[in-house]
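Worksheet: the structure to be examined is printed underneath.
Per chain, numbering begins at 1; letters A, B, ... match sequence-line order.
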2 protein chains.
Amino acid sequence: MAWSGRLSLTPPTLADVAERAGVSRQTVSNAVNNPELLRPDTLARVQDAIAELGYSPNRAARNLRTRASHLIGLKFNPAQEGTANAAMDRFVHTLVETAGDSGYHILLFAGTTDDPVAAYDALLRSTAVDAFIVTDTYLGNPQAAWLTSRRAPFVAFGRPWDNPEATHAWVDVDGAAGAELATDHLLDKGHTRIAWIGWRKDSFIGEDRRSGWTRSMHARDLPTTGLASRVEDTVASGREAASVLLDEAHPSAFVCASDTLAMGVLHALGDRGIHWGRDVAVVGFDDSQVAQVVPGGLTSVRQPLEQVAVELVKALEGLLSTPPVAGPGVLLSPTLAVRLSSG
Amino acid sequence: MAWSGRLSLTPPTLADVAERAGVSRQTVSNAVNNPELLRPDTLARVQDAIAELGYSPNRAARNLRTRASHLIGLKFNPAQEGTANAAMDRFVHTLVETAGDSGYHILLFAGTTDDPVAAYDALLRSTAVDAFIVTDTYLGNPQAAWLTSRRAPFVAFGRPWDNPEATHAWVDVDGAAGAELATDHLLDKGHTRIAWIGWRKDSFIGEDRRSGWTRSMHARDLPTTGLASRVEDTVASGREAASVLLDEAHPSAFVCASDTLAMGVLHALGDRGIHWGRDVAVVGFDDSQVAQVVPGGLTSVRQPLEQVAVELVKALEGLLSTPPVAGPGVLLSPTLAVRLSSG
DNA sequence: TCGATCCCTTGGATCGATCAAGCGATGCGG
DNA sequence: CCGCATCGCTTGATCGATCCAAGGGATCGA
């Protein structure tokens, strides 16, 4: 506060504080970074001076000397229009908070689709960030391999599906367990013909979630053939897939790989005057805002994004400490947000 | 690329490039910052060396010398659970892209609710950011006044409702025009009894949007008394308000201050077996993902967030140029995304 | 031939913090 | 009383880019 009233617009420096407290610059530096090195009375005197002047270390200078920026790079991938996947919002928020508690800020950057590593490269070369959090792992992950070869510290939100040999740190949510949770929930409600609507086969995440559904069905010796459909992640294709399944397989419940697809199912049911939640149960995936506000509510698998953020930051702290501590992967379990759509 | 293969893990410096290109450090610096000062052939030679070494200026060093970080601070306010307001997502994305084109990155930080300016203060004092984009202006805006007194460059997304004298730069969307657009649309469809469900009176934005509805109604000499309701921004209160209005005022259409409230209206209509879109029209506000994926689609006022981002960055560039150019406020017009809920 | 550009070099200082070495005072054992 | 380690603090160098001032060499026109 103090210096804002002064004539000079430049913030106070370490030297200013030193002069005021009657000590050397280094002592002030120690007061800030290694207080235990100072005698209590000196420390108090320096802290008083710091408070009086409203001193805060200059980031640029500190970054230059210590070769660290205390910034974590995050490529911001927005939700697609017309889908229900707004997980980024909730995730980023807790990430910002958690990182902040550890003294890190999040630096957002945009990526060009044609060259996915260009933006990472630019930030690394200019030493603008200390590490990255990589989230766009839906279809393989060229960034991870590239960052590894570059020896750049990073943690991935998402398993290295395309490369089981990968040794980097990662945090992920067990999608199979989520789908299993959803299917078990429906089975417990008495359903036996439970259909699956998921993504196309080239999606690792989609196949993972699907495996939870099969696992759950097979555990009760129920058939799955003819009950599954794999489509694009849009409301329209979810609606179409549901329509076909209703005609051909007569399911009494649906589990979907996303809330977007689940909305498509609701749409198809509405077309036929079927009362969803009463006549046919529907469960989505991601617990998006859509699931929360649609009349009656859509039962949906909820990813523990807050926990994910905490684990990511924990892993990053390990990587950035000296010596670096490389943790193994962390797999978290989702929960089920039960609402009226599942009866 | 090049240096990543070398034994040394330190990135190349300006001096390295200079040596390789056979020029002085100053010339390399000029090649990067003032290319027009160099003879074309020298420039090419230096650029080759830069490319070969994979050189990129060290941000920390540059920041220290130039007293600029090329970072824009943005407090990340997440959408509330259970509401449909995920505008942040779309807004942040375009902001990151637009800022990136101008050489700026976005630094996210979290704010504590008890002291709204503490986080701003810390970043300013440590010279971590060059400027701020302030978005949380729903109920007055203490940050703006504080930042002004601190002489910190910033642009607000949202008008200075609580202080018309404020001189800072801002960008906003004309909420009244949006509500007017929505109401006119319904009037054109033949509706005359159009109800309004908005926020509590202490919300400047809510009152602004409401004024668009009254303006539109009065322009056609239609009454508004008894047709309006002011509640919390939740699905439940929207539902309740709609229910009361349906009983007492028998409207044939609703205009809402948010998609969240509009979802509440859909809920209330569903409760009574009224077919929305056919029997009763509904229009929401914000064009959230919910509006886009709800079966049939919810007609909604769409804010031009991409334009907002562009204008914000433009204003910031003005503020950060020398001499600073302070632009006046910019008011943008929303559009209407028409879907089946309005017939 | 002289001077005026133009393009680049040279050497240095600077931004503000941290690192590494060093120095005086104190305490303790021999 | 000396030697030596320890504590608490100071001093000079350093990170890498930019800014500044002065000047040198080549080219060109007068």
Nucleotide [N], atom [atom2] - distance to [atom1] of [X] in whole Å:
X: Leu64(B); N: dT18(C); atom1: CG; atom2: P; result: 12 Å
X: Arg125(B); N: dA17(C); atom1: CZ; atom2: C1'; result: 17 Å
X: His70(B); N: dA17(D); atom1: NE2; atom2: P; result: 15 Å
X: Asn58(B); N: dG16(C); atom1: CG; atom2: P; result: 17 Å
X: Leu38(B); N: dT9(C); atom1: CG; atom2: P; result: 9 Å
X: Asn30(B); N: dT18(D); atom1: CG; atom2: P; result: 9 Å
X: Asp41(A); N: dG8(D); atom1: CG; atom2: P; result: 10 Å
X: Glu36(B); N: dC6(C); atom1: CD; atom2: P; result: 14 Å

Side-chain N or O of [X] versus OP1/OP2 of [N]: is the shortest distance under 4.0 Å?
X: Thr13(B); N: dG16(D); answer: no
X: Arg65(A); N: dG16(D); answer: no
X: Ser29(B); N: dT18(D); answer: yes
X: Thr66(A); N: dT18(C); answer: no
X: Thr42(A); N: dC9(D); answer: yes
X: Arg67(B); N: dG16(C); answer: yes
X: Asn33(A); N: dT18(C); answer: yes
X: Tyr55(A); N: dA17(C); answer: yes

Residue met sooner reading DNA chain C from 5', once Thr27(B) and Gln26(A) are mapped to nucleotides: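 Nearest nucleotide further toward 5': that of Thr27(B).
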Residue pair Glu317(B), Lys314(B): steps toward the salt bridge (charged side-chain N to carboxylate O under 4.0 Å, His left out) verdict: CA-CA 5 Å; Glu317(B) 287 193 294; Lys314(B) 201 186 290 178; over 6 Å; no
Under 3.5 Å donor-acceptor pair, Arg62(B) side-chain atoms to dT18(D) base atoms: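 When only heavy-atom distances are counted, Arg62(B) does not reach the base of dT18(D) through any donor-acceptor pair under 3.5 Å.
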Presence of donor-acceptor pair under 3.5 Å, side chain of Arg25(A) and base of dG12(D):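 Answer is yes: a donor-acceptor pair is held.
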Glu306(B) CD: over 12 foreign heavy atoms closer than 6.0 Å: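 Yes, CD of Glu306(B) has more than 12 neighbouring heavy atoms, counting only those of other groups under 6.0 Å.
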Test of ring centre spacing under 6.0 Å for Tyr104(A) and His70(A):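 Centroid separation for Tyr104(A) and His70(A): below 6.0 Å.
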pair Phe157(A)-Val134(A): side-chain heavy atoms closer than 4.5 Å: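 Contact flag for Phe157(A)/Val134(A) side chains = no.
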Leu147(A) and Tyr120(A), any side-chain heavy atoms less than 4.5 Å apart: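 Yes - at least one pair of side-chain heavy atoms lies under 4.5 Å apart.
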Pairing partner of dG23(D) (Watson-Crick or G-U wobble, both distances under 3.5 Å):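 dG23(D) is paired, partner dC8(C).
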